Amino acid sequence: MTTLIIGGPGRTGTRIFDRLTAAGRPVRYASRRTGFDWDSATSWPAPLAGVTAAYVCFAPDLAFPGVPEKMRELGRMAAAEGVERLVLLSGRGEEGARASEAALREAGVPTTVLRCSWFQQNFSEHFLAGPVRRGRLRLPAPDVPEAFLDLEDVADAAVVALTSTDPEDRTYELSGPELLTFADAAQVLSVAGGRSVTFEAVDVPTFLADLAADGVPAQEAEPLAGLFTDILDGRNASLAGGIQELLGRPASPLREYARRAAAAGAWA
Ligand SMILES: NC(=O)c1ccc[n+]([C@@H]2O[C@H](COP(=O)([O-])OP(=O)(O)OC[C@H]3O[C@@H](n4cnc5c(N)ncnc54)[C@H](OP(=O)(O)O)[C@@H]3O)[C@@H](O)[C@H]2O)c1
């Protein structure tokens, strides 16, 4: 009954690992530090051996070019190893991620896809932590509404999907409980952190320069900028019901996350 967490040391993986472990379920994780590398398919079968369910978190992003081929191969290997269930972390409104979702499903392992909105924790555990700390959020996007999603909710939803016995393929759209523009989000972060955070829409070269200054490698930054230009065009400016459907409760608002992150010293 072992569950494998691919991408286990990451933002979603650690949260899922901790929940399954606390529930007394056998769990192990795979990433480069355990010898699993997305760039080397020969490293994939060993961690899949003897696993009942696997959480699939591709890094840096499922929507990047070349990923569908990797998902097709992983799905094939999972089927060959007798894995009974896959749960794939995906992005809401990300056209590039659809091919990866379909490719993973090709070999027929029942797969639940979690299409997630913009993570709240991007502001504290990812590429926007530095800008928030400096009080200046800058993105290559107009000030469109987004339903920022709490990673604690994503982890709860993933655990439900991983421990389900539903034999069907499922796709859930997960969002936070409210639509906020980035200027609204900056205001929420200002209140929680007790100091001013502003939002400014910038062009792609400026955004790339900011990411480089924050140490994000160019091969990651450029597709990230392209992705944001796509998904921050208003296509995700609606609420989705996946958290309620999977967890039977509403999603957690940005202000709750911001309060917790500030209390934990995220922007100190
Ligand atoms: N950020 C958002 O707002 C958002 C929204 C919707 C969907 N998503 C999706 O979320 C996913 C990222 O999730 P996350 O934030 O939980 O992941 P993450 O924290 O960025 O990364 C998870 C782990 O992947 C491992 N990793 C990196 N490169 C690897 C490689 N070449 N081979 C094997 N393992 C590798 C790393 O561990 P090691 O260093 O040990 O290898 C890392 O800890 C992406 O697919 C993205 O599409 C993100």
Side-chain angles (χ1 to χ4, degrees), residues 4-19 28-44 46-48 54-71 73-74 86-101 103-104 113-129 137 139 141 146-155 157-159 171-176 180 182 185 211 215-217 219-221 223-228 230-232 235-236 240 242-243 251 254 257:
L4 176 69
I5 313 288
I6 301 178
R11 286 170 284 269
T12 55
T14 46
R15 289 171 164 91
I16 297 165
F17 186 94
D18 289 349
R19 282 160 170 75
R28 65 174 186 247
Y29 73 79
S31 76
R32 288 169 300 187
R33 70 194 73 177
T34 70
F36 175 100
D37 193 331
W38 284 118
D39 293 326
S40 171
T42 55
S43 69
W44 306 351
L48 287 166
Y55 173 72
V56 182
C57 167
F58 184 85
D61 200 288
L62 196 67
F64 285 6
V67 182
E69 292 74 12
K70 295 179 196 288
M71 289 299 131
E73 185 61 7
L74 184 77
L86 296 171
V87 174
L88 175 66
L89 178 65
S90 185
R92 205 174 166 218
E94 291 187 25
E95 290 312 315
R98 299 298 162 263
S100 293
E101 296 171 3
L104 184 66
V113 173
L114 304 177
R115 288 183 184 158
C116 296
S117 300
W118 182 286
F119 297 155
Q120 295 173 358
Q121 281 77 1
N122 289 343
F123 295 117
S124 56
E125 298 177 26
H126 202 7
F127 66 102
L128 293 178
L137 262 183
L139 287 164
E146 175 69 34
F148 300 99
L149 175 63
D150 189 346
L151 282 183
E152 306 301 339
D153 287 343
V154 176
V159 166
T171 299
Y172 295 93
E173 299 256 336
L174 273 51
S175 84
L180 299 171
F182 281 92
L211 289 179
V216 178
Q219 70 270 22
E220 202 172 310
L224 210 55
L227 179 64
F228 293 161
D230 284 348
I231 63 167
L232 297 178
R235 74 183 66 182
N236 286 345
I243 293 293
L254 186 72
Y257 145 78

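Atoms within a ligand are numbered from 1 in the order they appear, just like the ligands themselves. These figures come from a predicted structure and were not determined experimentally.
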Checking a contact table here: which protein heavy atom is nearest [atom], and how many Å away?
atom: atom 6 (C) of ligand 1; value: C116 O, 3.3 Å
atom: atom 36 (C) of ligand 1; value: R32 NH2, 4.0 Å
atom: atom 21 (O) of ligand 1; value: A59 CB, 3.7 Å
atom: atom 25 (C) of ligand 1; value: S31 CB, 4.2 Å
atom: atom 32 (N) of ligand 1; value: W38 N, 2.9 Å
atom: atom 16 (O) of ligand 1; value: T12 OG1, 2.7 Å
atom: atom 20 (O) of ligand 1; value: R11 NH2, 2.6 Å
atom: atom 4 (C) of ligand 1; value: F119 CE1, 3.3 Å

Which atoms of ligand 1 have any heavy atom of [X] under 4.0 Å away?
X: S90; answer: 6 (C), 7 (C)
X: F36; answer: 32 (N), 33 (C)
X: D37; answer: 30 (C), 31 (N), 32 (N), 33 (C)
X: R33; answer: 37 (O), 38 (P), 39 (O), 40 (O)
X: P9; answer: 37 (O), 40 (O), 43 (O)
X: W118; answer: 3 (O)

(message) So that I can tick it off, tell me whether E94 and R235 are bridged by a salt bridge, with the cut-off set at under 4.0 angstrom between side-chain N and carboxylate O.
(response)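 Salt bridge absent between R235 and E94.
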(message) Salt bridge check, R98 against E101: does any charged N sit closer than 4.0 Å to a carboxylate O?
(response)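 Answer for the salt bridge query: yes.
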(message) Show the nearest heavy-atom pair for residues L174 and G242, with the distance to one decimal.
(response)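 Closest approach of L174 to G242, heavy atoms only: CD1-CA, 3.9 Å.
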(message) Looking at every heavy atom in both C57 and L89, which two are closest together, and how far apart are they?
(response)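 It is SG-CD2, 4.0 Å.
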(message) For the aromatic rings, using the six-membered ring if either is Trp, is the centroid distance between F123 and F148 under 6.0 Å?
(response)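 That pair passes the under 6.0 Å test.
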Rounded to the nearest 0.5 Å, how far does [atom2] of [Y] lie from [atom1] of [X]?
X: S117; Y: I243; atom1: OG; atom2: CD1; answer: 9.0 Å
X: L74; Y: S100; atom1: CG; atom2: OG; answer: 11.0 Å
X: L48; Y: I6; atom1: CG; atom2: CD1; answer: 5.5 Å
X: Y55; Y: L86; atom1: OH; atom2: CG; answer: 12.5 Å
X: E125; Y: Q120; atom1: CD; atom2: CD; answer: 11.0 Å
X: R115; Y: R92; atom1: CZ; atom2: CZ; answer: 10.5 Å

(message) Considering both backbone and side-chain atoms of H126, is one of its nitrogen or oxygen atoms within less than 3.5 Å of a nitrogen or oxygen in ligand 1?
(response)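 Between H126 and ligand 1, no N or O pair is found under 3.5 Å apart.
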Option whose closest heavy atom lies nearest to [atom], chosen from [options]:
atom: atom 44 (C) of ligand 1; options: F64, F58, F123; value: F58
atom: atom 9 (C) of ligand 1; options: L89, T34, L174; value: L89
atom: atom 17 (O) of ligand 1; options: S43, C57, G7; value: C57

Would you kindly specify which portion of [X] sits under 4.0 Å from ligand 1, judged on non-hydrogen atoms: side chain, backbone, both or neither?
X: A30; result: neither
X: S117; result: backbone
X: A97; result: neither
X: N122; result: side chain

(message) Parallel, tilted or perpendicular, judged at 30° and 60°: which one describes the rings of F228 and W118?
(response)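 Rings of F228 and W118: tilted, as their planes differ by 30° to 60°.
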(request) Mark the output for P60 as yes if a heavy-atom distance to ligand 1 is under 4.0 Å, and as no if none is. (result)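 For ligand 1, residue contact (heavy atoms, under 4.0 Å) with P60 is present.
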